[in-house]
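Naming: A, B, ... by sequence-line order, numbering from 1 per chain.
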Amino acid sequence: MAHRSIQRTCIICPRGCSLEIIVDDDHITVSGNECPKGEDYGIEEATAPRRILTTTVQTTVAGMPRLPVRSVGDVLLMEMDRLMREIDSIVVTQPVRCGDLVAADLCGIGVNLIATDDLRPAGPDTERGQ
Amino acid sequence: MSDVCGDELVDVVVVGGGPAGVSAALAVGDAGAEVLIIEREDRLGGVLKQCIHDGFGVLQYGERLTGPEYAHRHVAALKCRQTQGGQIRVMTGAYLHSLRRDGTRWSIDLITSQGIQSIGTAAVVMATGCRERTDRQIYLHGDRPAGIFTAGQAQRLINIDGVMPGRNVVVLGSGDIGLIMARRFVLEGARVQGVYEIQSTVSGLARNVAQCLEDWNIPLHLGTTVTEVHGRNRVEAVTVCPVDGSGLPDHNAAERIPCDTLILSVGLIPENDIIADLGLPLDSSTGGPAVTQDRETQLPGLYVCGNALTVYDLVDYVSECGQAAGTAATRGATTARSAAAPSAHASAGPVETSGDIGQMVPQLLDLAADQPPVFFFRVKRAMDKATLTISRGGVQVESRRLTYLRPPEMIRYELRERAWAALRRNPGPISVAVEAADGS
């Protein structure tokens with residue numbers, strides 16, 4: 001594997017150091033960080049950055065065409081595109097509650113998706129100006 | 001066909017059911033008073049409903065929630081309080097038309113699906129949030145075809161309605177919602193050509209630059225702006241130009257970028273049109289009225305909180321602000337019932353800010369309050385080290401070292417008990433200053 005350089009903004013604290021991460025065959029050098037936390041962050045970013053995936057899925061429930069969802073735990077950034085393509089085919093047809101499982105083991109890599117909002121047919125559950 | 005109902009009386013009315021409004025209502029409920037939330041949409045939650053990304057509630061709940069999850073917790077708390085006998089009512093699909101002082105109370109006119117309705121109350125908490133600056137407000141040149149959206153509009157279209165506003169996108173402005181939407185477009189398979197920011201620094205938070213732009217290789221062009229929009233029916237291209245130090249575009253370096261969508265993330269404006277009609281001057285730095293630490297305006301019984309007061313960076317602060325307003329409004333409402341309303345302004349003094357403070361709330365301090373105030377402020381420029389000083393009549397009561405101050409980040413500073421006691425005791429004008437320390 002060749003020499004590779006990555007620029008990242010450290011997000012550990014508000015200072016937001018501009019990191020330069022140099023990846024050689026077997027070792028990673030981080031520069032631009034003002035503290036050791038930045039080095040750890042830089043190494044993680046260069047090896048296997050992980051993020052929570054948040055998106056929406058299609059529903060057939062009247063008045064709420066999309067249901068917001070998230071991954072349970074973080075997923076590899078490089079898997080996001082593949083996960084998004086699979087999520088594209090999900091259609092929720094029944095009411096669900098915030099926190100309910102929407103899809104399990106996406107792409108066969110153990111990623112579970114949960115609802116981040118209630119999905120229920122449109123209708124006032126409060127008074128409407130009477 | 002309007003149906004004017006008789007005047008209904010409520011202790012406290014909260015206008016807006018987003019995080020500030022719900023927090024305010026919960027605080028009123030906790031204090032045992034009766035509260036009515038007026039919400040124009042069908043559901044509570046405000047803009048959180050469309051903010052499906054995570055990062056909300058880190059301070060309040062110690063978790064990185066998505067916007068809808070944060071709103072869900074708020075609404076669950078509200079419902080829980082209702083079942084415990086709390087007098088919290090919610091009216092959705094209702095618009096505030098006007099409000100006016102009526103003797104010792106406030107009179108509110110609402111437009112609802114049933115017609116016009118009037119409500120009388122001792123205290124009003126405005127939690128109306130903010131709105132986005134549009135193409136008209138930034139004097140964007142060129143055509144006005146379809147395909148120009150604010151970032152928040154695009155967010156609603158994609159996340160709530162499930163409609164893609166376009167496939168080939170240019171983002172103008174580097175506000176947080178613009179950065180978040182740049183990533184959202186890419187995740188949904190659209191192409192984002194770049195984010196163009198006229199200033200030399202990003203206006204959004206550093207974490208959003210990292211996780212929205214760098215993660216997805218979206219180019220960020222600082223010191224560059226869109227100078228012209230092209231397109232007959234639909235956006236076909238935009239012209240971008242670098243700007244010089246005084247903000248003037250260098251037309252020789254203009255570049256035409258084909259695209260079908262222009263997303264604007266060029267600032268937020270606190271929503272205060274209705275109270276501006278009451279003759280309340282707005283603070284030109286925050287865009288909201290001047291308030292005490294109780295979020296009470298100079299009109300007794302009128303409170304403003306959340307992003308209507310000043311645009312916060314974190315929802316946790318918005319909720320804290322709402323809670324302060326709700327608690328104070330309850331106190332105001334219950335004392336107004338028993339005696340002639342004593343305004344906190346009788347004992348309030350203005351706070352002067354200086355140095356590198358760009359904006360701050362509260363702008364007034366009620367010196368009769370026992371509890372020390374909490375200041376929220378932003379700085380004008382990035383500073384690695386700075387000193388915050390608070391003084392009255394030239395006597396310094398507090399001095400604190402602050403590190404890594406950045407203009408997009410709001411700073412929360414809670415005054416210590418001893419400093420507050422000294423501030424209350426000393427005579428003279430109150431001032432708060434932030435000065436860069438050596439080497440900054």
Side-chain angles (χ1 to χ4, degrees), chain A residues 6-19 21 34-35 41 45 49-59 63-71 73-74 77-78 80-81 83-85 87-88 91 97-99 114-120 122-130, chain B residues 5 17 37-39 42-45 49-55 64-69 71-73 75-76 89-95 110-115 117 158-163 184 187-189 205-211 213-216 382 384 403-406 408-409:
Chain A
I6 308 161
Q7 319 298 323
R8 280 285 178 276
T9 306
C10 182
I11 60 163
I12 303 296
C13 86
R15 188 190 161 106
C17 289
S18 299
L19 308 180
I21 310 154
E34 290 285 325
C35 79
Y41 178 77
E45 285 298 291
R50 303 179 72 92
R51 307 281 184 263
I52 299 280
L53 172 59
T54 63
T55 183
T56 64
V57 295
Q58 194 188 334
T59 90
M64 203 165 154
R66 306 298 296 190
L67 171 69
V69 293
R70 70 183 294 175
S71 58
D74 46 22
L77 191 56
M78 56 180 276
M80 291 251 181
D81 281 332
L83 290 164
M84 282 299 287
R85 279 197 297 277
I87 290 167
D88 247 357
V91 183
R97 292 195 153 276
C98 184
I114 56 168
T116 57
D117 202 352
D118 289 342
L119 172 64
R120 50 169 191 248
D125 57 356
T126 60
E127 51 188 309
R128 280 191 64 94
Q130 53 214 252
Chain B
C5 303
I37 302 178
I38 307 296
E39 168 55 49
D42 287 335
R43 296 172 63 203
L44 295 175
K49 296 193 295 289
Q50 67 185 54
C51 298
I52 63 161
H53 56 279
D54 69 312
R64 292 174 60 90
L65 302 173
T66 64
E69 285 172 321
H72 194 264
R73 289 208 184 179
V75 174
R89 287 162 56 207
V90 179
M91 192 186 280
T92 54
Y95 286 76
L110 302 174
I111 298 174
T112 73
S113 55
Q114 311 293 306
Q117 191 173 350
I158 299 177
N159 296 344
I160 305 272
D161 302 324
V163 177
R184 189 82 188 103
L187 209 53
E188 288 295 342
L205 301 172
R207 72 165 189 224
N208 285 329
V209 175
Q211 303 207 333
L213 304 187
E214 290 171 8
D215 272 4
W216 300 94
D384 285 348
T403 52
Y404 305 134
L405 295 92
R406 298 287 181 268
E409 316 243 355

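The most heavy-atom pairs under 4.5 Å with chain A, out of B:Glu409, B:His53, B:Gln211, come from B:Gln211.
Rounding to the nearest 0.5 Å places CD1 of B:Ile158 at 9.0 Å from OG1 of A:Thr56. To the nearest 0.5 Å, the span separating CD1 on A:Ile87 from CD on B:Glu188 amounts to 9.0 Å. Distance CG/A:Asp117 to CG/B:Asn159: 11.5 Å, rounded to 0.5 Å. With rounding to the nearest 0.5 angstrom, the CD1 atom of B:Ile52 is 4.5 Å from the OG1 atom of A:Thr54. To the nearest 0.5 Å, the span separating CG on A:Leu67 from CD1 on B:Ile160 amounts to 10.5 Å. For the atom pair CD1 of A:Ile52 and CZ of B:Arg64, the computed distance is 7.5 Å after rounding to the nearest 0.5 Å.
Contacts of A:Gln58 with chain B are absent, with no heavy-atom separation under 4.5 Å from either backbone or side chain. The parts of B:Glu214 that come within reach of chain A are both its backbone and its side chain, each placing non-hydrogen atoms under 4.5 angstrom from that chain. With a threshold of 4.5 angstrom between heavy atoms, A:Thr59 does not approach chain B through any atom at all. Neither the backbone nor the side chain of B:Ile111 comes within contact range of chain A; no heavy atom of the residue lies under 4.5 Å from a heavy atom of that chain. With a threshold of 4.5 angstrom between heavy atoms, A:Ile12 does not approach chain B through any atom at all. If you measure heavy-atom distances from B:His72 to chain A, the contacts under 4.5 Å come from the side chain alone.
Shown here are the side chain to side chain donor-acceptor pair (under 3.5 Å) partners of A:Arg51, two or more places apart in sequence or in another chain: A:Glu45, B:Asp215.
Checked by atom type, the side-chain pair B:Arg207/A:Thr9 shows no donor-acceptor distance below 3.5 Å.
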### Task
Go through the steps to decide whether A:Leu53 and B:Leu187 satisfy the test side-chain contact (heavy atoms from CB on, under 4.5 Å), and finish with yes or no.
CA-CA 10 Å; A:Leu53 172 59; B:Leu187 209 53; 4.0 Å; yes
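Between B:Ala206 and A:Gly16, the shortest heavy-atom distance links the atoms CB-CA, 4.4 Å. Closest non-hydrogen pair, A:Arg70 versus B:Glu69, comes out as NH1-OE1, 2.6 Å.
Between B:Arg43 and A:Asp118, none of the side-chain N atoms (NZ, or NE/NH1/NH2) sits under 4.0 Å from a carboxylate O, so this pair counts as no salt bridge.
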